[in-house]
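Working notes, beginning with the structure itself.
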Amino acid sequence: MPYLSIRRKLPSFRIVKTMEENKELYNFNEIEKKWQNFWETNKTFAAKDYDKSKPKYYVLDMFPYPSAQGLHVGHPEGYTASDIVARYKRMKGFNVLHPIGWDAFGLPAEQYAVKTGTHPAITTQQNIENMRRQIKALGFSYDWDRQVDTTDPKYYKWTQWIFLKFFNSYFDQTEQKARPISELIKKLDAGKLCVGTDGQAVAANLVPAVMGEPVGTRKWYELNKEEKEEFIDEHRLAYEDEVPVNWCPELGTVLANEEVIGGISERGGYPVIRKPMRQWMLRITKYADRLQDDLKFVDWPPSIKKLQTDWIGKSIGAEVDFKVDGFDETITVFTTRPDTLFGATYMVLSPEHPIVDEIATGGQIKAVEEYKKAAQSKSDLDRTDLAKEKTGVFTGAYAINPVNETKIPIWISDYVLISYGTGAIMSVPAHDDRDFEFAKKFNLPIIPVVEPEDKTLAQKVEKGEYCFIGDGIAINSGKFTGLSTADFKEQITNWLEEKDLGSKAVNYKLRDWLFSRQRYWGEPFPLLHCEDGSTIAVDEKDLPLVLPQVDSFKPTGDGQPPLAKSVNWLNVKLPDGRNAKRETNTMPQWAGSCWYYLRYLDAQNDKAGWAKENEKYWMPVDLYIGGAEHAVLHLLYSRFWHKMLYDLGYVSTPEPFTKLINQGMILGEDGQKMSKSRGNVVNPDKVITDYGADSMRLYEMFMGPLEAVKPWNTQGVEGVYRFLNKVWRMVIDEPNNIADIDADEETGRLLHQTIKKVTQDIDNFRFNTAISQMMIFINHINRLETKPKKAIEAFVLILSPFAPHIAEELWQRLGNKNTLAHENWPKFDENLAKEKEIELAVQVLGKIKDKIIVSIDADEEEIKQKALASEKVISAIAGKEIKKIIVIKSRLVNIVIG
RNA sequence: GCCGAAGUGGCGGAACUGGCAGACGCGCAGGAUUCAAAAUCCUGUCCUCGCAAGAGGGUGUGGGUUCAAUUCCCACCUUCGGCACCA
């Protein structure tokens with residue numbers, strides 16, 4: 001039994017061995033806490049306002065809504081990317097502003113309050129605390145002193161202040177920008193402007209004796225007090241209007257068009273109906289052109305620009321007047337295809353068009369009434385649902401086509417929207433899909449007026465079998481026949497203007513922004529409704545107007561907001577003794593997020609929302625990272641607010657966000673969207689507990705391109721965790737193997753290649769390939785007997801933006817006293833990064849036959865000789881004639897034979 | 001229906017401006033270490049045929065341009081995202 005005795009000895013030997021090695025494990029938990037505390041106590045990442053010694057860099061994250069569920073693995077993705085850039089830029093010598101805050105108003109906290117009676121402020125604070133803990137656990141380099149919370153009165157004081165800027169401004173058409181309303185009044189008082197027939201301000205004729213005033217205009221002094229007030233109110237950028245709104249009974253509030261998806265509320269998924277209500281609106285439509293045009297100044301993904309462009313939906317065309325046969329009435333239609341006027345065979349009005357009742361005749365009156373009623377009771381959902389089949393009724397009346405005096409029937413149908421254009425269209429079934437469908441269903445005539453280039457297509461169009469919506473050559477169009485679509489459009493528009501039958505016109509899909517909500521948990525409007533019906537602003541010095549305590553957070557169900565029940569708060573005695581009531585609506589959640597990036601510039605300022613010097617120093621935001629779900633809503637609204645503030649001189653740049661990147665969604669391990677119901681939600685807390693924040697950060701960046709949608713895979717986290725362990729062991733387990741020696745040639749080259757690739761990859765937001773390069777470097781260096789210290793230090797520095805905790809720890813263990821957060825980013829030497837010898841593929845007719853090794857500066861002739869000397873190549877050529885040899889230096893050789 | 005993005009091994013993905021497809025990681029297989037396991041290390045891993053050397057095929061499908069195509073062009077299919085009668 002000699003074996004036994006040997007075995008008995010083994011354990012004691014192993015214990016000795018383990019003690020000798022004294023391995024220190026990678027204790028991420030301890031290290032991460034240590035450095036997070038260090039950064040916090042030392043305020044390592046505090047941004048210095050107007051530090052002129054360094055260039056500034058403002059890197060912004062879309063701030064989160066503090067939900068009860070806490071952080072989601074999707075959040076850290078964008079936050080890690082921006083943090084890498086922030087840390088990298090600091091090491092590159094920039095003064096970096098990298099802030100975070102809380103978009104804390106919103107429905108979930110309020111819904112919870114309605115259910116449980118807990119004040120939303122309490123839940124909100126709890127959620128913020130929890131999420132702040134989670135975010136801090138990831139080691140992001142935020143300047144925590146600049147944290148903002150949109151529900152803090154110290155913050156929303158300024159949201160209200162900005163609202164008053166909207167309320168006290170108008171849009172000057174000539175200058176195309178916002179001006180204080182006081183300037184408008186001044187001009188009216190001075191007689192430079194007068195009141196036009198449409199209620200708009202028009203330039204007064206300075207020489208009335210010669211020209212006479214335009215018909216219907218009135219002088220300012222001719223208006224009484226009420227008329228003046230009404231006129232002013234109609235010019236404010238924030239105004240009240242009775243509008244059909246998206247009323248969601250379940251949520252007890254109205255929603256913006258953008259918040260309703262297919263007749264269902266975006267939040268909660270409840271049905272939404274149309275209902276006319278008194279609402280506060282913001283005149284975003286005045287900015288439509290600038291919001292569109294200024295997109296050319298920003299470096300955003302083209303797809304996001306396109307979404308905004310589509311949302312704004314600018315279309316250029318003409319308004320054309322059609323006389324109604326037998327009535328002293330004209331119906332104006334908007335069309336983008338005035339060149340198809342000769343093909344207009346009928347006209348369609350929206351059921352809500354004001355002229356419908358007047359012109360409906362005889363036997364058709366009843367049908368029209370019934371149709372109108374049906375359309376009214378249809379919800380948006382029904383309207384879209386039934387959209388597959390067109391409906392409509394004939395009014396009994398006829399219009400006269402102004403270009404050829406033809407009588408065409410007037411119909412009504414709900415496929416024509418009252419809210420767009422003039423609420424009436426001319427129908428050209430031969431060249432518009434919707435009109436074609438309608439004409440087929442109701443057997444209306446189809447006259448082709450545009451001939452497509454394609455001959456077979458042209459024949460089909462001729463027979464009325466095919467609807468052609470493209471450009472072509474005009475046919476059946478009187479004296480315009482033969483013109484191209486573009487020429488026709490121009491000539492007919494001029495012709496219409498000459499004959500006073502129409503004019504060039506521009507329309508937008510964009511509607512004014514419905515800005516009020518019948519909810520409790522939002523910013524109160526700083527407005528007072530006086531007994532005489534006028535509305536006045538709360539004085540700026542009395543801001544913030546703080547939300548009152550209420551007994552119940554329930555909406556009343558008839559549209560009366562919860563604030564209406566807070567009697568003490570509601571009723572106000574004005575200094576002049578009059579009684580007034582406060583506005584009881586609150587602002588939508590977007591309000592706070594429209595300008596938070598400005599508050600970060602000067603978060604503690606209680607004299608102003610931000611100091612002008614701070615704004616001039618930090619703005620614009622250099623890099624903005626967030627989800628693509630905000631492509632139109634938040635980004636369009638912020639741009640709008642920013643432009644208004646720009647017009648009034650409060651900010652110095654026309655656009656707030658220079659560069660925008662959207663991180664892609666992270667799916668569950670099953671490749672599906674993460675959701676509680678699917679049970680595939682990954683909790684960041686658990687990942688941090690199991691593998692550490694550095695692994696979490698590294699994994700999220702390693703998964704794939706930042707912008708891509710990609711599934712989570714916990715085993716993938718394990719992979720990057722192993723990588724960090726290798727890095728750890730390189731420095732900690734084998735400290736004796738690190739020495740102050742020069743790197744060998746290959747190691748040096750790989751180091752410089754790695755620095756180069758990581759640097760360029762961060763610059764291009766390609767974090768996944770940067771990480772794989774660092775893995776290649778570590779795999780190499782771990783094979784070395786003795787490791788050059790300088791190379792290891794450089795590596796730790798380039799690793800630090802990705803995995804900052806372990807990097808700080810290793811940096812310290814390597815004998816450095818200070819944090820590496822402000823160390824210089826390692827530089828690479830292009831020459832040292834270059835390979836000396838390279839392997840070239842040798843192809844014969846595009847197929848690889850052999851590989852040759854040549855020096856980097858071998859000339860073409862040398863490469864050719866070497867390639868032709870290869871035995872495999874010789875046998876592949878097999879005596880055939882060589883037609884051509886293509887040499888791509890540093891790539892390959894291709895021999896063409898024939 | 002329209003618009004946009006994308007389709008590459010078992011999986012996530014890589015490939016500069018048309019120039020060796022599959023880097024890096026996961027998984028899997030085999031081996032070393034271990035009494036055993038974990039951890040770690042080494043080797044292999046696109047597919048087919050072959051013991052092997054090697055041969056052929058291969059980036060959603062079908063065509064085209066080119067000495068050379070994941071990359072450019074045309075048509076189609078699929079998936080994801082957005083819009084949804086905006087005249």
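By convention in this document, chain letters (A, B, ...) are assigned in the order of the sequence lines, proteins followed by strands, and residues within each chain are numbered from 1.
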Worksheet item: What integer number of Å spans the C1' atoms of G10(B) and C2(B)?
Response: 37 Å
Discussion item. Regarding Arg749(A) and Glu835(A), does a basic nitrogen lie under 4.0 Å from an acidic carboxylate oxygen?
Written reply: yes
Response to the item:
Of Lys509(A) and Asn725(A), the one whose nearest nucleotide on RNA chain B sits closer to the 5' end is Asn725(A)
Worksheet entry | Short side-chain to backbone donor-acceptor contact, His431(A) and Phe468(A), under 3.5 Å | yes
Worksheet item: P atom, C35(B) versus C51(B): distance in rounded Å?
Response: 39 Å
Item to complete: Could you work out which one of C85(B), G54(B), G81(B) sits closest to the side chain of Tyr415(A)?
Response: C85(B)
Fill in: Protein-nucleotide distance (Gln308(A), atom CD; G4(B), atom C1'), rounded to Å
15 Å
Worksheet item: So which nucleotide from A87(B), C20(B), G57(B) ends up closest to the side chain of Lys847(A)?
Response: G57(B)
Fill in: Assigned partner base of C2(B), Watson-Crick or wobble definition, under 3.5 Å
G82(B)
Discussion item. What I want to check is whether an N or O donor and acceptor connect the side chain of Lys306(A) with the base of C3(B) at under 3.5 Å.
Written reply: no
Worksheet entry | A87(B) OP1/OP2 closer than 4.0 Å to side-chain N/O of Ser315(A) | yes
Item to complete: Consider the side chain of Glu839(A), meaning its heavy atoms from C-beta on, and name the nucleotide among C20(B), G12(B), G19(B) that approaches it most closely.
Response: C20(B)
Discussion item. Tell me if G9(B) is syn or anti. Syn = glycosidic torsion within 90° of 0, anti otherwise.
Written reply: syn
Fill in: Phosphate contact (C41(B) OP1 or OP2) by Arg729(A) side-chain N/O below 4.0 Å
yes
Worksheet item: Relative to Phe438(A), does Lys390(A) satisfy both conditions: NZ or CZ under 6.0 angstrom from the six-membered ring centre, and within 45 degrees of the ring's axis?
Response: no
Practice prompt. Please determine, for C41(B), whether a Watson-Crick or G-U wobble partner exists with both distances under 3.5 Å, and give it or none.
Written response: G31(B)
Item to complete: Starting at atom CD1 of Ile666(A), determine the distance to atom C1' of G12(B), rounded to an integer number of angstrom.
Response: 12 Å
Worksheet item: For G27(B), does either OP1 or OP2 sit under 4.0 Å from a side-chain N or O belonging to Arg722(A)?
Response: yes
Fill in: Among G19(B), G25(B), A87(B), the one nearest Met775(A) by side-chain distance
G25(B)
Worksheet item: Does U61(B) pair with anything, Watson-Crick or G-U wobble, both distances under 3.5 Å, and if so, with which nucleotide?
Response: A75(B)
Discussion item. Roughly how many Å apart are A15(B) and C20(B), using the P atom of each and rounding to a whole number?
Written reply: 13 Å
Worksheet item: On a whole-Å scale, what distance lies between the P atoms belonging to C26(B) and A21(B)?
Response: 26 Å
Worksheet, complete the sentence: From the candidates G12(B), G13(B), G19(B), the one with an atom nearest any side-chain atom of Asn768(A) is G13(B)
Item to complete: Look at the side chain of Trp311(A) and decide which nucleotide, out of C41(B), C67(B), A84(B), has an atom nearest to it.
Response: A84(B)
Worksheet item: In terms of the angle between their ring planes, are Phe795(A) and Phe777(A) parallel, tilted or perpendicular, with boundaries placed at 30° and 60°?
Response: parallel
Worksheet item: Can you find a donor-acceptor pair, distance only, under 3.5 Å between Lys883(A) side chain and C67(B) base?
Response: no
Practice prompt. Using the P atoms only, state how far G54(B) lies from G44(B), rounded to an integer number of Å.
Written response: 16 Å
Practice prompt. May I have the distance from Asp761(A) (atom CG) to A14(B) (atom P), rounded to whole angstrom?
Written response: 11 Å
Response to the item:
Smallest heavy-atom separation, Val348(A) atom then Ser427(A) atom, equals CG2-OG, 3.5 Å
Discussion item. So that I know where these two stand, are Tyr699(A) and Tyr691(A) an aromatic pair - ring centroids less than 6.0 Å apart?
Written reply: no
Fill in: Below 4.0 Å: OP1/OP2 of A87(B) and any side-chain N or O of Tyr420(A)
yes
Practice prompt. In whole angstrom, give me the gap between the P atoms of C46(B) and A52(B).
Written response: 14 Å
Worksheet item: Do Ser315(A) and Asn507(A) get their side chains close enough for a donor-acceptor pair, meaning under 3.5 Å?
Response: no
Discussion item. Under 3.5 Å for both donor-acceptor distances, Watson-Crick or wobble: does C20(B) have a partner, and if so which one?
Written reply: none
Practice prompt. Using the C1' atom on both, measure C28(B) against G9(B) and round to a whole Å.
Written response: 13 Å
Practice prompt. Go through G54(B), G81(B), C20(B) for me and flag the one nearest to the Lys872(A) side chain.
Written response: G54(B)
Item to complete: Using the C1' atom as the reference point in each nucleotide, state the distance between C85(B) and C11(B) in Å, no decimals.
Response: 43 Å
